[in-house]
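Notes follow the structure.
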Amino acid sequence: MQDEFEWIESITPKQNHQPTLIEGIGDDAALIRSEAGFDDILCVDTLVENVHFSRKTMTPYQIGHKALAVNISDVAAMGGTPRFYLVSIAISDSWSETELQEIYKGMEGLADKYGIDLIGGDTVATKGPLVVSVTAHGRVQKGRKLLRKNAQPGDVVFLTGPVGLSAAGLELLLEDRLSENLTRLVDAHQLPAPQVEAGLLLAASGYKIALNDISDGLASESHEIAEASNVHIQIRYDQLPTVEEFNHFTSDQVLDWMLYGGEDFQLVGTVPLEDWASLVQLFGEHGLAIHEIGAVVEGKAGVSLFKDHETIPVSKKGYNHFSG
Ligand code: ADP
Ligand code: MG
């Protein structure tokens, strides 16, 4: 690559969105003004080539998009607004400068959509796979906490949209089974959309909500809520939102993707039953989807699936198959 100075210059945003940014890229560290009335949200997620993505199934632009999307999704799951991000990248010479800039363009596409500013990072050389680590900063109004430990027996369990699409898309890409009528699945894998608006609405509702974003699959994320809240989560198979594209696959395959696929970045959460109808109305007024998929009950911390008149335990991860 060209010298480091020129490289940093080439990825420095031409303009910024956030008025609280004092100094972005160019000094020892970024400087941002803190805001009265808000709590700060900070999170970091790292993508490693051939572990979290591969060049066979993702373009550099899509890799950048996803690296930022996973972080925005974590901010969304706290009911926050993303504001800033930093990028640490370990690069080998198997990646061209153009490809690296494409990675930054992928992040910028999403950053512009949400008005988020790139305010710094670090660049190191490696002989190993590409590593992209993104740190995101967001804010949430004081007192609005959408924590995993908030679930209580009697609550409705909800999802902001269908899950399993990303895993289906990955399989299509790996098996080279792309077709025009299945592009939604492939897009879900390559350009996932974090649910910031839904997270904000959930926070603004003021209800006691437990929330998680689906990065590791509905089963694993539901387990996290169940364990943090010490409750049992019952998911109803017939209430899981689906998409027309799933009709091309067996129902066992689809269920496996839904529970264990991950990377859909929808939000799964719980809300008291008495607030459910108003929450549905609030989402409707904002043109957003929200689906009831089950209930929180008393019992051993864990997750089960009600399917075909049977209650089946759902393991956290792994390949439980639901035949019949
Ligand atoms: P320092 O030696 O103070 O850590 P660097 O030379 O590493 O400074 O970085 C100079 C500036 O460029 C800093 O503002 C840093 O945050 C930013 N920067 C460096 N690498 C990246 C990167 N990969 N992405 C975004 N910003 C970067
Ligand atoms: Mg540095």
Side-chain angles (χ1 to χ4, degrees), residues 1-35 38 40-55 58-76 80-139 190-194 196 215 263 265:
M1 90 151 54
Q2 54 185 319
D3 76 71
E4 199 178 318
F5 181 79
E6 280 173 39
W7 153 249
I8 293 170
E9 173 93 11
S10 76
I11 54 155
T12 301
K14 302 285 166 281
Q15 63 195 64
N16 292 302
H17 306 278
Q18 295 294 335
T20 56
L21 179 60
I22 303 166
E23 281 296 323
I25 291 177
D27 218 306
D28 295 310
L31 203 55
I32 55 184
R33 182 148 292 141
S34 57
E35 290 169 277
F38 290 92
D40 293 308
I41 301 172
L42 282 167
C43 55
V44 59
D45 255 307
T46 303
L47 301 190
V48 180
E49 181 182 1
N50 298 330
V51 177
H52 303 100
F53 66 86
S54 108
R55 284 168 115 162
M58 302 272 284
T59 65
Y61 183 97
Q62 291 161 348
I63 294 164
H65 174 103
K66 194 167 212 162
L68 183 57
V70 298
N71 281 281
I72 294 179
S73 181
D74 281 325
V75 173
T81 314
R83 313 280 273 182
F84 301 108
Y85 68 107
L86 299 107
V87 181
S88 177
I89 188 162
I91 322 166
S92 76
D93 53 18
S94 72
W95 290 77
S96 72
E97 180 122 8
T98 315
E99 287 176 312
L100 297 174
Q101 273 162 7
E102 275 297 304
I103 293 177
Y104 274 78
K105 282 196 187 123
M107 293 191 269
E108 200 180 300
L110 200 54
D112 283 345
K113 177 173 174 194
Y114 290 107
I116 317 172
D117 292 328
L118 173 64
I119 58 170
D122 198 25
T123 311
V124 295
T126 177
K127 290 191 164 48
L130 183 80
V131 179
V132 188
S133 183
V134 176
T135 301
H137 172 274
R139 64 168 208 188
Q190 294 178 324
L191 293 169
V196 176
S215 42
E263 298 204 332
F265 305 112

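Both counts, for ligands and for their atoms, begin at 1 and track the order of listing.
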Considering the heavy atoms of E4, write down every atom of ligand 1 situated less than 4.0 Å from one of them. 6 (O)

Is the number of heavy atoms from other residues, nucleotides or ligands under 6.0 Å of D93 CG greater than 12? no

Any N/O of I89 closer than 3.5 Å to an N/O of ligand 1? no

Nearest atoms (heavy-atom pairs only) where G128 meets S92: O-CB, 3.4 Å

How about N71 and Y85: do any of their side-chain heavy atoms sit closer than 4.5 Å? no

Parallel under 30°, tilted from 30 to 60°, perpendicular over 60°: which one fits the rings of Y104 and W7? perpendicular

Under 4.0 Å, heavy-atom basis, I'd like to know which part of I8 is in contact with ligand 1: side chain, backbone, both or neither. side chain

Ligand 1 to D28, heavy atom cutoff 4.0 Å, flagged ligand atoms 3 (O)

I11 heavy atoms within 4.0 Å reach ligand 1 at atoms 22 (C), 24 (N), 25 (C)

Could you list which atoms of ligand 1 come closer than 4.0 Å to a heavy atom of G120? 16 (O), 25 (C), 26 (N), 27 (C)

Is there a donor-acceptor pair under 3.5 Å between the side chain of E49 and the backbone N or O of L130? yes

Would a 4.5 Å heavy-atom cut-off, applied to side chains only, mark V131 and T126 as touching? no

With heavy atoms under 4.0 Å as the rule, classify the contact between D122 and ligand 1 as side chain, backbone, both or neither. both

Please list, in number order, the atoms of ligand 1 under 4.0 Å from a heavy atom of G26. 11 (C), 13 (C), 14 (O)

Should Y104 be counted as touching ligand 1, given the test is an N or O pair under 3.5 Å? yes

Under a plain distance cut-off of 3.5 Å, with no hydrogens placed, do Q101 and S10 share a side-chain donor-acceptor pair? yes

NE2 of H65 to CD of E102: how many Å apart, nearest 0.5 Å? 14.0 Å

Give the numbers and elements of all ligand 1 atoms closer than 4.0 Å to a heavy atom of V87. 22 (C), 23 (N), 24 (N)

Where's the contact between D27 and ligand 1, heavy-atom distance under 4.0 Å: side chain, backbone, both or neither? backbone

